[in-house]
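Here is the naming used below: chain letters follow the sequence lines, and residue numbers restart at 1 for every chain.
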Number of protein chains: 2
Amino acid sequence: MKKVTINSVATYAGVSKKTVSRVLNNEPNVSPATREKVLKVFKELDYTPNPIARGLARNRSFIIGCLYDNPSKSYITRVQSGALEACHKFGYNLLIHPCELRGEALIENIEQLLQTSRLDGLVLTPPFSDSKELVAFLKKKGLPYARVASAIEEDDSISVRSNDEQGALELTEHLIKLGHKEIAFIKGHPDHSATELRFSGYKKALANHGIAFEPRLVAEGNFSYHSGADSAKTILDLNPRPTAVFASNDYMAAAVLKLATQRQLKVPEALSIAGFDNAPIARHIWPGLTTIAQPVEEMTRLAVEHLILSITESPDMVFQTVLEAKLICRESTAPLEK
Amino acid sequence: MKKVTINSVATYAGVSKKTVSRVLNNEPNVSPATREKVLKVFKELDYTPNPIARGLARNRSFIIGCLYDNPSKSYITRVQSGALEACHKFGYNLLIHPCELRGEALIENIEQLLQTSRLDGLVLTPPFSDSKELVAFLKKKGLPYARVASAIEEDDSISVRSNDEQGALELTEHLIKLGHKEIAFIKGHPDHSATELRFSGYKKALANHGIAFEPRLVAEGNFSYHSGADSAKTILDLNPRPTAVFASNDYMAAAVLKLATQRQLKVPEALSIAGFDNAPIARHIWPGLTTIAQPVEEMTRLAVEHLILSITESPDMVFQTVLEAKLICRESTAPLEK
DNA sequence: CTGAAAGCGCTTACAG
DNA sequence: CTGAAAGCGCTTACAG
């Protein structure tokens, strides 16, 4: 079983290899009859072009890289899944590259990645999508990129996000409508732009309903479960204790629930808890967490699709979209008991 | 800023490009002086070889593929992390390829993957590592592979797993020592070889302690949270109700805990619950789950390291290792109350 | 120890 | 509409 290449196909079909190449790439200037003939030989010989040879000639790798540094496994898996869907649609593959934003020499790390893999483009997820330094570097290198879930302003690029502020506002209003006025808030990681947006949604909802914002009710988390546990302790030790807690993601909310349960504080009767993201854990625990669902797969899919289009067709494509976040009510929030 | 290639380096250093290639690949037959000179030019020109050109000449892609179909996000993330560590150590990159074992045309799917990406090797995780059909296909294709966490016998390959049976035995003995005799068991997915091993460890422990095995205490799960919820219902409805439940992974154990909590069954006082895997959820819920920790990252790292070695050095390497699984006691198991 | 030639399997730029 | 030549940036096989 010999290797079948463009040459074997050309010989077999009785045409030049340039003609085979034309058929391969759907180029014009091939007579229908010739095209048919070549396509038939493709089938007969079970030919598929070698992407590496193609890559060398066209200076392409047909590989998209995905950058992330995120404590949430479920978030990462969803990002990967959306990215893969887009890649496979266009015959690309996905290479994953977790790394640390704060790690010394992020730029060096990325530089090495580019040298060893010659990616055609890069999808940035938070907190990388928020890094102006990284974006500047990629621009300088001329490497196409797309940003997911970032709110930083940068008009000449591809960016898909969901409406974090609106989601947080709706979730907070849900709590307010249940009668809560003392609503604690746990912030996310300061490197993520979503952190400020969610916080701002919370504050706007309070303001809309004439509830004074109280800094003492705000705890600084960083999206990790561990930081949620620390914040939970601070909040549950407050006197008077708030009647509801809104954590900036579900992991931190789960940590609040765990501590409340340990302390025999009934949830939701004595304390309402809400999260953000609709991570699997939100429905794997009891009571299930009220939360905001973001279309992470779709955000990433759209971002990568446009990234690939920008690589293959229009180099200076601009695409900016905001998708909707949705309130999911479960058992962890309930009317305030008097 | 012109592209710097092996040619520019050769010209600049005043040697032939073959000599540069020798230095690049650490080949012998280069005088120390020449080597020094070339290495210096590498630095001066900031040269790094183009992996795509290298790949075409050597018929290599420097990419390892990772195959999985697993409901557990945390398991996948750990697999990826171990695989990446090994890849980066040898200058390889990792391409991920989730797909379905049962999907129609698995082989076709893999065939296409190989055509579009020209992988140098493939890491198989459960349930793929247990698929004889897939292994036979890869052998036929001559594609190097390594199997992770599989117990199927196949001597001429690379395989790393942990001792599932021993782990399950220890966990069951832990429950028995706490006084439990009525211990329900939730099985995993039948396509995974770990499923039978864990089940067998459970039965051996019972036998070792003179406790009769009761089929009525066994529920059929498939490792998903959902299947755990179904099994939980079956088990908690039993009359008499068992005093302990051992689920084949933590997600299913979490489902049992959720249902028990909903039914106001105190855990661990009225019901002990144990899982397997030491997934993050095991410590994110209250009470934390007693479970078995497997070194998933290390298993995968070792497998991929040997896979790469087998690709670059010894084509018919055989490497078979069994790592240890470890009992982790948390709050979900307690002495039987009389 | 060193190098000139040919080749990996494609595409680009040009000619007809 | 079709093709011969050159090239992408490396390595292999050979000669000296």
Side-chain angles (χ1 to χ4, degrees), chain A residues 1-39 41-42 45-63 91 114-120 311-312, chain B residues 1-39 41-42 45-63 91 114-120 311-312:
Chain A
M1 194 166 117
K2 279 188 64 177
K3 250 188 293 187
V4 21
T5 71
I6 198 172
N7 286 307
S8 14
V9 173
T11 311
Y12 196 91
V15 298
S16 78
K17 76 189 194 188
K18 175 60 216 179
T19 298
V20 178
S21 173
R22 285 202 180 87
V23 175
L24 219 44
N25 296 293
N26 265 312
E27 286 172 27
N29 297 329
V30 181
S31 78
T34 311
R35 192 179 295 273
E36 277 314 311
K37 190 170 57 182
V38 173
L39 285 172
V41 175
F42 283 175
L45 266 46
D46 198 21
Y47 170 72
T48 48
N50 180 333
I52 298 188
R54 227 172 182 177
L56 181 59
R58 293 213 298 219
N59 200 19
R60 282 274 162 74
S61 65
F62 303 99
I63 293 178
L114 298 184
Q115 281 165 1
T116 64
S117 61
R118 306 280 158 130
L119 301 173
D120 288 345
I311 293 167
T312 54
Chain B
M1 195 166 119
K2 280 188 60 176
K3 249 186 296 185
V4 21
T5 70
I6 198 172
N7 285 307
S8 14
V9 172
T11 311
Y12 195 93
V15 297
S16 76
K17 75 189 193 187
K18 174 61 216 178
T19 298
V20 178
S21 172
R22 285 204 180 85
V23 176
L24 218 44
N25 295 293
N26 263 313
E27 286 172 27
N29 297 331
V30 182
S31 78
T34 311
R35 192 180 296 273
E36 277 314 311
K37 190 170 55 180
V38 173
L39 285 171
V41 176
F42 283 174
L45 265 47
D46 198 21
Y47 171 72
T48 48
N50 180 333
I52 298 189
R54 224 171 185 179
L56 181 59
R58 293 213 297 220
N59 200 19
R60 282 274 162 74
S61 66
F62 303 100
I63 292 179
L114 298 184
Q115 280 165 2
T116 64
S117 61
R118 305 281 157 129
L119 300 172
D120 288 346
I311 294 167
T312 55

Query raised in the report: Partner of C:dA13 by Watson-Crick or G-U wobble geometry, both contacts under 3.5 Å, or none?
Result: none

Requested in this report: Determine which nucleotide pairs with D:dA4, using a 3.5 Å limit on both distances of a Watson-Crick or G-U wobble pair.
Outcome: none

Query raised in the report: Which comes earlier along DNA chain D counting from the 5' end, the contact point of B:Arg22 or that of B:Arg58, where each point is its nearest nucleotide?
Result: B:Arg58

Report summary line: Assert: residue with more 5' nearest nucleotide on DNA chain D, out of B:Glu27 and A:Gly14, is A:Gly14

Atom pair distance, as rounded to whole Å: [atom1] in [X] and [atom2] in [N]:
| X | N | atom1 | atom2 | answer |
| --- | --- | --- | --- | --- |
| A:Asn7 | D:dA4 | CG | P | 12 Å |
| B:Glu36 | C:dT2 | CD | P | 13 Å |
| A:Lys18 | C:dC10 | NZ | C1' | 10 Å |
| A:Arg60 | D:dG7 | CZ | P | 22 Å |
| B:Asn29 | D:dA13 | CG | P | 15 Å |
| B:Ile52 | C:dG9 | CD1 | P | 16 Å |
| B:Tyr12 | D:dG9 | OH | P | 19 Å |
| A:Lys17 | D:dC1 | NZ | P | 23 Å |

Requested in this report: Apply the test side-chain contact (heavy atoms from CB on, under 4.5 Å) to residues A:Val23 and A:Leu39: give CA-CA distance (whole Å), side-chain angles for both, the deciding distance (0.1 Å), then the verdict.
Outcome: CA-CA 7 Å; A:Val23 175; A:Leu39 285 172; 3.8 Å; yes

Query raised in the report: Once you round to the nearest 0.5 Å, how far does CZ of A:Arg54 lie from CG of B:Leu56?
Result: 13.5 Å

Query - From CG (B:Asp120) to CZ (B:Arg58), nearest 0.5 Å - result: 9.5 Å

Report task. Can you figure out which of D:dC10, D:dT11, D:dC1 approaches the side chain of B:Thr5 most closely? Result -> D:dC10

Query raised in the report: In terms of side-chain heavy atoms of B:Ser31, which of C:dG9, C:dC1, C:dT11 is nearest?
Result: C:dC1

Query raised in the report: Would B:Ser16 and B:Thr19 satisfy side-chain hydrogen bond (donor to acceptor under 3.5 Å, both in side chains), going step by step from the backbone distance to the final call?
Result: CA-CA 5 Å; B:Ser16 76; B:Thr19 298; 3.3 Å; yes

Query - B:Ser16 vs B:Arg118, nearer the 5' end of DNA chain C by closest nucleotide - result: B:Ser16

Query raised in the report: Is there side-chain contact between B:Val38 and B:Tyr47, with at least one heavy-atom pair below 4.5 Å?
Result: no

Requested in this report: Report which part of the nucleic acid B:Asn25 touches: base, sugar-phosphate, or nothing (heavy-atom distance under 4.0 Å, all strands).
Outcome: sugar-phosphate

Query raised in the report: When we call it a touch if two heavy atoms are under 4.0 Å apart, what does B:Asn50 touch: a base, just sugar-phosphate, or nothing?
Result: sugar-phosphate

Requested in this report: Using a cut-off of strictly less than 4.0 Å, decide whether A:Arg54 has a side-chain nitrogen or oxygen near OP1 or OP2 of C:dG9.
Outcome: no

Query raised in the report: Would you say a side-chain N or O of A:Thr19 is under 4.0 Å from OP1 or OP2 of D:dG3?
Result: yes

